[in-house]
Amino acid sequence: MLDRQRIRENPGRIRDASARKGSDAPLDEFISLDAERRASLTELESQRAEMNRASKSIGLLVAEGKNEEAATVKRQAKALKDAVASGDDRLREIEARLHEVELLIPNPPHQTVPDGDSAESNVEVESWRSKPEFEFEPRPHWEIGERLGILDFAGGGKISGSGFIVFRGLGARLHRALLNFMLQKHTEAHDYTEVYTPYLVNRDTMTGTGQLPKFEDDMYHMERDDLFLIPTAEVPVTGLHRDSILNGEDLPIYYVASSGCFRREAGAAGKDTRGLLRVHQFDKVELVKFCSPAESYNELETLRKDAASVLEELGLHYRVTLLCAGELGFAAAKCYDLEVWAPGVGAYLEVSSCSNFEDFQARRLNIRYRPVKRAKPKFVHTLNASGVALPRLMAALLETYQKADGSVLIPEALRPFMGVDRIQAD
RNA sequence: GGAGAGAUGGCUGAGCGGUCGAAAGCGCCCGCCUGCUAAGCGGGUAAGUCGGGCCAAACCCGGCUUCCCGGGUUCGAAUCCCGGUCUCUCCGCCA
């Protein structure tokens with residue numbers, strides 16, 4: 001959600017920005033509704049002021065015992081009441097429509113975001129180490145996993161359907177080890193506060209971070225309770241400070257949360273879906289920051305480094321791309337993708353999106369802070385990054401550390417969490 | 001799931017048809033006092049929005065809205081009535 005005044009004063013700018021994102025935001029409707037709202041608000045308020053004055057004088061007249069005069073004013077007030085009521089209904093209707101429309105306007109991209117409408121226009125900004133060399137043909141993780149008996153795709157399909165996965169034995173332990181490794185890193189080395197949140201959230205929370213109303217089809221929805229399964233911990237963690245005024249001295253606030261993530265992946269059927277590449281349920285460690293507007297772009301850079309440090313410690317080759325405007329999410333102003341190299345699949349896998357939402361989510365969620373004591377509250381900036389998504393990380397890890405004999409070496413950093421230094425077939 | 005209690009400003013908490021945007025206290029801010037500090041004294045301290053004071057920011061003035069949310073009664077609702085949400089207590093159920 002954008003500052004209404006910003007749209008009002010610069011509709012052309014916002015229109016261009018939406019176009020860069022490839023969005024057909026209903027700006028004309030917004031502008032006319034906004035004008036209509038302000039006109040009827042002014043009118044209604046003057047009517048209401050008149051009525052308030054009348055009511056107040058009745059109170060005074062009654063107190064003075066002038067009952068006949070009070071009765072006269074009462075009759076006048078009754079007439080005013082109807083005018084106010086109808087004006088109020090009209091305003092409410094306009095406001096509701098205006099709000100619906102404003103929720104569909106995307107966050108404009110930051111000026112450093114390149115133009116473009118496909119992944120080809122993304123800009124690689126960094127690359128860490130190089131692709132590992134193999135003396136044999138590296139296998140994809142689904143082959144490695146099934147040969148070792150640690151990934152059970154059939155089991156997931158049987159109990160839930162395609163796109164659901166079962167980890168077994170050391171595979172399940174590797175899953176747990178990776179989560180613990182990442183959580184420990186972010187809490188101890190990077191000073192994030194760990195939180196554990198609900199996996200089911202209400203409609204308001206889902207709207208606050210921008211998933212609703214546009215992307216309802218991508219979400220699992222519990223109709224009976226009108227609750228949604230979270231697609232990322234970003235949703236509950238960012239929602240944590242909804243409707244509050246934070247103390248400026250407490251900023252920045254850093255949170256890390258490990259959670260299950262649930263995505264219907266409607267429309268993505270058949271695309272990069274093999275193995276662990278695209279599943280309906282996966283675990284992810286998420287980093288979320290709340291900070292002042294002046295700091296948010298610095299925070300974005302450190303956020304990205306914090307997320308990438310996971311890959312570096314695990315010795316996995318990755319690259320960082322700056323997303324072009326057309327690839328940028330609805331709510332983000334700027335976003336880097338972290339892509340880890342999976343030698344078996346022969347592709348870079350997106351394991352983290354590091355985004356600055358500026359005040360877009362904060363406005364929807366009404367999260368503000370006081371820069372200094374007694375100052376007016378301002379909206380915070382919110383950021384988040386995966387640190388990182390688990391299945392694809394595991395895929396890259398299995399493929400990078402596979403050996404000719406089919407076993408997989410466990411990287412040094414992970415051994416304390418695994419208890420073994422290698423996974424091999426029984 | 002059943003029964004009961006509650007929801008008021010940054011916090012605690014009073015108010016239970018009119019002058020209440022709301023007592024009092026805490027916290028915070030400004031000032032006074034005092035070698036310094038503490039204490040004391042005086043004052044100020046909710047948010048949003050619209051309009052005006054200047055074009056913008058700060059600030060000031062005025063209107064409107066907001067005492068969990070929605071609806072109703074009334075000229076007038078924090079206060080009365082109805083519905084809902086959440087919190088707490090007890091019972092039931094349950095990992």
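Sequence lines set the chain letters: A, B, ... in the order given, protein chains first and strands last, and positions in each chain run from 1.
To the nearest angstrom, C1' of B/C69 lies 12 Å from CZ of A/R92. Atom-to-atom, NZ of A/K78 to C1' of B/G76 comes out at 12 Å; the value is rounded to the nearest Å. Note: CZ (A/R48) to C1' (B/G51) measures 16 Å, nearest angstrom. Atom NZ in A/K74 sits roughly 10 Å away from atom P in B/G76 (whole-Å rounding). One interatomic measurement links the two molecules: CD of A/Q47 to C1' of B/G76, which rounds to 17 Å at whole-angstrom precision. Residue A/D88 contributes atom CG, which lies 11 Å from atom P of B/G70 at whole-angstrom precision. Rounding to whole angstrom units, CD of residue A/E50 and C1' of B/C75 are separated by 13 Å. Between the CZ atom of A/R224 and the P atom of B/G1 there is a distance of 10 Å, rounded to whole Å.
Residue A/A49 is in sugar-phosphate contact alone, with no base atom involved, counting any heavy-atom pair closer than 4.0 Å across all strands shown. Nucleic acid contact for A/I58: base, since at least one base atom lies under 4.0 Å from a heavy atom of the residue. Here A/R53 lies out of heavy-atom contact (under 4.0 Å) with every strand. Counting non-hydrogen atoms under 4.0 angstrom, A/R4 reaches nothing in the nucleic acid. A/R38 comes within 4.0 angstrom of the backbone, heavy atoms only, and of no base.
Going from the P atom of B/G52 to that of B/C69 covers 30 Å, rounded to whole Å. Across B/A24 and B/G13, the matching C1' atoms stand 8 Å from one another, rounded to whole Å. Taking atom C1' in both B/C67 and B/U79, one finds a spacing of 10 Å when rounded to whole Å. Comparing the same atom, C1', in B/G9 and in B/A46 gives a spacing of 5 Å after rounding to whole Å. Separation of the P atoms belonging to B/U49 and B/U37 is 40 Å when rounded to the nearest angstrom. For B/A77 and B/C59, the C1' atoms lie 35 Å apart once the distance is rounded to whole Å. On the C1' atoms, B/U66 is 14 Å away from B/C20, given to the nearest whole Å. Nucleotides B/C93 and B/U12 are separated by 36 Å at their P atoms, to the nearest Å.
One finds no side-chain N or O of A/R368 lying less than 4.0 angstrom from the OP1 or OP2 phosphate oxygen of B/A47. Distances shorter than 4.0 Å separate some side-chain N or O of A/N52 from OP1 or OP2 on B/C64.
Partner assigned to B/G51 is B/C61, using Watson-Crick or G-U wobble distances below 3.5 angstrom. When Watson-Crick and G-U wobble pairs are counted only if both distances are under 3.5 Å, B/U73 pairs with no nucleotide at all. Base-pair partner of B/C36: not found among the strands shown (Watson-Crick or G-U wobble, both distances under 3.5 Å). Pair check for B/G92 finds none; no Watson-Crick or G-U wobble contact set falls under 3.5 Å. Across all strands shown, B/U85 pairs with B/A7; the Watson-Crick or G-U wobble distances both stay below 3.5 Å. Across all strands shown, B/G27 pairs with B/U45; the Watson-Crick or G-U wobble distances both stay below 3.5 Å.
Set against B/C75, B/C64, B/A47, the side chain of A/S55 has B/C75 as its closest nucleotide. With distances taken from any side-chain atom of A/P377 to the nucleotides B/G63, B/C75, B/A47, the minimum falls on B/A47. You'll find that the side chain of A/K81 is closest to B/G76, out of B/G76, B/C50, B/A47. Across B/U19, B/C75, B/A47, the shortest atom-to-atom separation from the side chain of A/K56 is found for B/U19. The A/E45 side chain lies nearest to B/C50 when the options are B/C75, B/C50, B/U19.
Looking at A/T400, its side chain never comes within 3.5 Å of a backbone N or O of A/L397 through a donor-acceptor pair. Looking at A/N202, its side chain does come within 3.5 Å of a backbone N or O of A/T205 through a donor-acceptor pair. Between the A/R364 side chain and the A/T207 main chain, a donor and an acceptor come within less than 3.5 Å of each other.
Exactly one residue among A/R38, A/R90, A/R4 makes a salt bridge (Lys or Arg N to Asp or Glu O under 4.0 Å) with A/E95. That residue is A/R4.
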Assess whether salt bridge (Lys or Arg N to Asp or Glu O under 4.0 Å) is satisfied between A/D218 and A/R264, documenting all intermediate values.
CA-CA 5 Å; A/D218 298 333; A/R264 293 188 63 230; over 6 Å; no
Assess the residue pair A/E399 and A/I144 against the criterion (side chain to side chain contact (heavy atoms under 4.5 Å, CB included)); give the C-alpha distance rounded to whole Å, side-chain angles, the decisive distance to 0.1 Å, and a yes or no.
CA-CA 8 Å; A/E399 292 180 10; A/I144 301 167; 4.1 Å; yes
Test ring-ring contact (aromatic ring centres under 6.0 Å, His included) on A/F164 and A/F153 and set out the steps.
CA-CA 7 Å; A/F164 290 92; A/F153 297 99; over 10 Å; no
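Here A/K21 does not pair with A/D16 in a salt bridge; the nearest charged N to carboxylate O distance is not below 4.0 Å.
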